[in-house]
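Note: hydrogens, waters and symmetry copies are ignored here, and every other heavy atom, side chains too, is used. The structure presented is a predicted model; accordingly, all values stated were derived computationally and were not measured. Chain letters run A, B, ... following the sequence lines, proteins first and then strands; every chain starts at 1.
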Number of protein chains: 2
Amino acid sequence: MNRPIINSWQSVEQEVRRRIQTREWAPGELIPNEADLALEFGCARATVNRALRRIADSGLIDRRRKAGTRVALQPVARATLDIPVIRREIEDRGMTYSYLLLSRTEAVPPHAVSATMQLPAHDAQLHVVALHLGNETPYALEDRWISLAAVPAARQERFESVSSNEWLLANAPWSHGQITFAATQAGREDAARLACDPGQAMFVIDRLTWNNNAAITRVRLKYPPGYQLRTDI
Amino acid sequence: MNRPIINSWQSVEQEVRRRIQTREWAPGELIPNEADLALEFGCARATVNRALRRIADSGLIDRRRKAGTRVALQPVARATLDIPVIRREIEDRGMTYSYLLLSRTEAVPPHAVSATMQLPAHDAQLHVVALHLGNETPYALEDRWISLAAVPAARQERFESVSSNEWLLANAPWSHGQITFAATQAGREDAARLACDPGQAMFVIDRLTWNNNAAITRVRLKYPPGYQLRTDI
DNA sequence: AAGTGGTCTAGACCACGCG
DNA sequence: GCGTGGTCTAGACCACTTA
């Protein structure tokens, strides 16, 4: 035996993952408890704990007090998606960012919008439609409703040079939200704005953002055909 | 002052998040170091460390040795997506799962497939096409290539009762992979299989799975119009 | 009842990277 | 150089859950 030294949580994680991957510890099987592993690896129990906690977070093992730690039978693939500011997303792809405000009005939103935002159906909200471009080419079409009750200061902002995306990040704190991904066909207007053909498949991201119990904004981003969202697992 | 007691990493995390959310610590600002916070909260430095590490993982703060910890200027929204086995996904939505094998052949894949899998362009692979149904209704169309070099045992499996998805999870360990989300229009064949109309927008998930340096499988899942992928942030 | 993971502590040393 | 976060340790107590 000429094993690499195991004395950091990273090396413990790597070794445990290796044993699971090679089926040395088979799916469904109980693995040794933290104290035993610490003894075997010659490190502190806290070090083993941190490694196993990370592996559990990734879905590869299941841990329960008293019952111990088991290798997951059907590991759930867990992907982490970074949803940056659109400007950054475009610049990270090596393109030059630009922004075009298409409309900014105060209006009563469709019921679907006021309902998901849990706001009174008859209240006017700020409606911003804008185009994000990379290298002067349409990159994403943004359709946003902003709650004037939650963000009254938005009334003073024209959103002509600063996108509502960035303005809200700087001016409206949020606590949590929900993201939905879907696909939909481009309508005539979408197509004209995104420089594609009507009927083509657009990738759509809906984001609903809250500050505690108050809805801040609901934004729909439509991406032209060919757009891909990619992540490692 | 009648503050709640802060002596667990959860309460430290909550308190720090609160201070950032209320702009008590503004975006871009340097926050106190771990030792000072530990003193203020009356807990050990390790407890503060764990809380701050979690907040940093979520993208809300940036930490650097010597430079200290700063509130992020434009927090990246980080979403965690669970990609379970399709059977589970369907059953979790309260539907009855069923599975229909459409074809199983050995064939030389298109160049695009062999290239992304980094396999010899002329080698035959196992090609499995199948339909996953929820309550007898088409839920997702699966188009999968399996590397026979990496998973020779797949040659013996008919995939008639067990989906390749579940069979591979049980029989082919994997170390990492890549997931891509996109939108595309249904072709005539897709439409017939998914019981939708040609030209409608399908949600598409591509997954490429590796075991160390060997590609295991490349699967494309096509979901009929209306499908949504949702997650909390 | 007892075994397991979950957490906290006090202290220590280290590695990185500003200034 | 030196302040900061990154990590490890040994020990302790606790909370949960199963046997």
*For A:E13, enumerate each residue passing the side-chain hydrogen bond (donor to acceptor under 3.5 Å, both in side chains) test, keeping only those at least two apart in sequence or located in another chain.*
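Only A:R17, A:R54 meet the side-chain hydrogen bond (donor to acceptor under 3.5 Å, both in side chains) criterion with A:E13.
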
*Of all residues at least two apart in sequence or in a different chain, which pass the side-chain hydrogen bond (donor to acceptor under 3.5 Å, both in side chains) check with A:D82?*
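Checked A:D82 against side-chain hydrogen bond (donor to acceptor under 3.5 Å, both in side chains); matches are B:R78.
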
*Using the six-membered ring wherever Trp is involved, compare the ring planes of B:H176 and B:W210 and label them parallel, tilted or perpendicular (cut-offs 30° and 60°).*
parallel

*asked:* Both A:W9 and A:R45 contact DNA chain D. Which one's nearest nucleotide lies toward the 5' end?
replied: A:W9

*asked:* Over all strands shown, is B:N49 touching base, sugar-phosphate only, or nothing at heavy-atom distances under 4.0 angstrom?
replied: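 Here B:N49 touches the bases of the nucleic acid.
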
*Specify the separation, in whole Å, of atom NZ of A:K66 and atom C1' of D:dC14.*
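Result: 16 Å.
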
*B:E34 CD to D:dG5 P, straight-line distance once rounded to whole Å*: 5 Å

*Check whether any side-chain heavy atom of A:F41 sits under 4.5 Å from a side-chain heavy atom of A:E15, and report yes or no.*
yes

*Return the 5'-most residue of the pair A:G68, A:A46 with respect to DNA chain C, ranking by each residue's nearest nucleotide.*
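Nearer the 5' end of the strand: A:G68.
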
*Residues touching DNA chain D, which here means a heavy atom under 4.0 Å, drawn from residues 50-58 of chain B*: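 The answer is none.
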
*asked:* Need two values: the first and the last nucleotide of DNA chain C, 5' to 3', having an atom under 4.0 Å from any heavy-atom of chain B.
replied: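 Listed 5' to 3', the contact boundaries are C:dT7 to C:dC18.
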
_With a 4.0 Å cutoff (strictly under), does any side-chain N or O of B:T69 reach OP1 or OP2 of D:dT4?_
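No, no such contact exists.
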
*Which residues pass the salt bridge (charged side-chain N to carboxylate O under 4.0 Å, His left out) test with B:E91, sequence neighbours left out?*
B:R87

*asked:* Test of understanding: with salt bridge (charged side-chain N to carboxylate O under 4.0 Å, His left out), list the residues that count as partners of A:R70, not counting sequence neighbours.
replied: none

_Please evaluate residues A:F203 and B:F203 with respect to the criterion ring-ring contact (aromatic ring centres under 6.0 Å, His included), reporting the C-alpha separation (whole Å), side-chain torsions for both, the decisive distance (0.1 Å), and the verdict._
CA-CA 8 Å; A:F203 192 77; B:F203 192 77; 5.8 Å; yes

_Polar contact flag, side-chain donor to acceptor under 3.5 angstrom, B:Q118-B:N213_ =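 No donor-acceptor contact under 3.5 Å links the two side chains.
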
